[in-house]
Amino acid sequence: PLAKVITVGTSKEGRPLRIVKIGGDDERHARENPCILIYAREHGTEQDTSWVVQVALDWLLSDTPEAGDLRARCTFLLIPLLDPDGAAAGVYDHMTQKFIYDGQEGPEARAYAGFFKRWVDARKRLDIGLNLHNVESAEQPHLSCPRMEPSNGRLTQCQALHAMATERLAPMGFAVNPRPWTKGVSDFRLGGYLSKFYGPLHMPYEVNGQDKQRHLSLPELGWMGEGLARATARFLDSPQAAPLLASIQDARVAHRARMDRYEHIFTERSITNALQIEWVCLSHERRAPPRR
């Protein structure tokens, strides 16, 4: 009863695309309280990540005081399986780069983009997206960050969040790589797309149950989900998150202004493809002459 399962659409092969919402039981809660997105299996063959999200979900729904406190203070959107068709077929890269309007984006990208556009248009918050992957062998410790956003102060904010995740997970016995592999943002993936248009911090993570020093059981692997959920909520409560939250508000204001200026084009034609609306409106904005 503490969770709401939202079916946002169906995959190309007819499988349901589902998001689990925890907290944010009313409109005011979802508009005022921090919102954390955690999703797994952007690459369908990376099975470890579904366990991480599943245990995060189980813990958030538990009767512990800490879980109850987070439900009261935050909204969580959890996707244990982003790409069900890719997972069923054992395909690594099935819909990873589809979050762009080009006529080839497919029903999955359109469905997820539509949900998040409706969410943001309803003035609901969206602050951080944890994008969970897993390496296939022992080349990384239990947790590592493959990429951090480099611009507009985001690198500092990514580093602060990662430091809090390390502080939470290390006492639980997890080995964490303290530095990202590289820097950058992939605009055409879900996390980068959301960051580009709506402002939330995109934080990809690689989990690994095959660390050379200690292999993890499936329950142990899943406990990282609890640790990441708690660390992310703690970061959003900290002074270090203030610049991030200000930049998200700026992005939302800019997005609303862009929609007000151009969305009538699609409303008049009854076009509802969120990817088309967002990318074409942004293209119009970039070509528009400077305002005086």
Donor-acceptor check, side chain of [X] to backbone of [Y], threshold 3.5 angstrom: yes or no?
X	Y	value
D127	P200	no
S11	R15	yes
K21	F76	no

Does either side chain, that of [X] or that of [Y], offer a donor lying less than 3.5 Å from an acceptor on the other one?
X	Y	result
H142	E220	no
H43	Y92	yes
E105	N273	yes
R41	T49	no
D250	S247	no
R147	S186	yes
H133	E206	no

Can you tell me how far apart CD1 (I128) and SG (C35) are? Round to the nearest 0.5 Å.
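Atom-to-atom, I128:CD1 and C35:SG are 10.0 Å apart.
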Closest approach of R168 and A231, non-hydrogen atoms and distance?
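Heavy atoms of R168 and A231 come nearest at CB-CB, 4.1 Å.
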Non-hydrogen atoms of E149 and V185 that approach each other most closely:
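Taking every non-hydrogen atom into account, CG-CG2, 3.5 Å.
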Between the side chains of [Y] and [X], is the shortest nitrogen-to-carboxylate-oxygen separation below 4.0 Å, so that they form an ion pair?
X	Y	answer
E27	K124	yes
R125	E32	no
R189	E42	yes

For H202 together with Y193, are the ring centres under 6.0 Å from each other?
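Not close enough - the centres of the two rings lie 6.0 Å or further apart.
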Is the number of heavy atoms from other residues, nucleotides or ligands under 6.0 Å of D63 CG greater than 12?
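No, because the 6.0 Å sphere around CG of D63 holds 12 heavy atoms or fewer from other groups.
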Would E278 and K117 satisfy salt bridge (Lys or Arg N to Asp or Glu O under 4.0 Å), going step by step from the backbone distance to the final call?
CA-CA 9 Å; E278 297 292 6; K117 178 169 172 49; 3.6 Å; yes
For the pair S283 and R287, evaluate side-chain hydrogen bond (donor to acceptor under 3.5 Å, both in side chains) and give the outcome as yes or no after the intermediate values.
CA-CA 6 Å; S283 176; R287 293 199 306 264; 2.6 Å; yes
Matching residue for W279 among F197, Y101, F266 - test: ring pair (Phe, Tyr, Trp, His ring centres under 6.0 Å)
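Of all the options given, the one that passes is F197.
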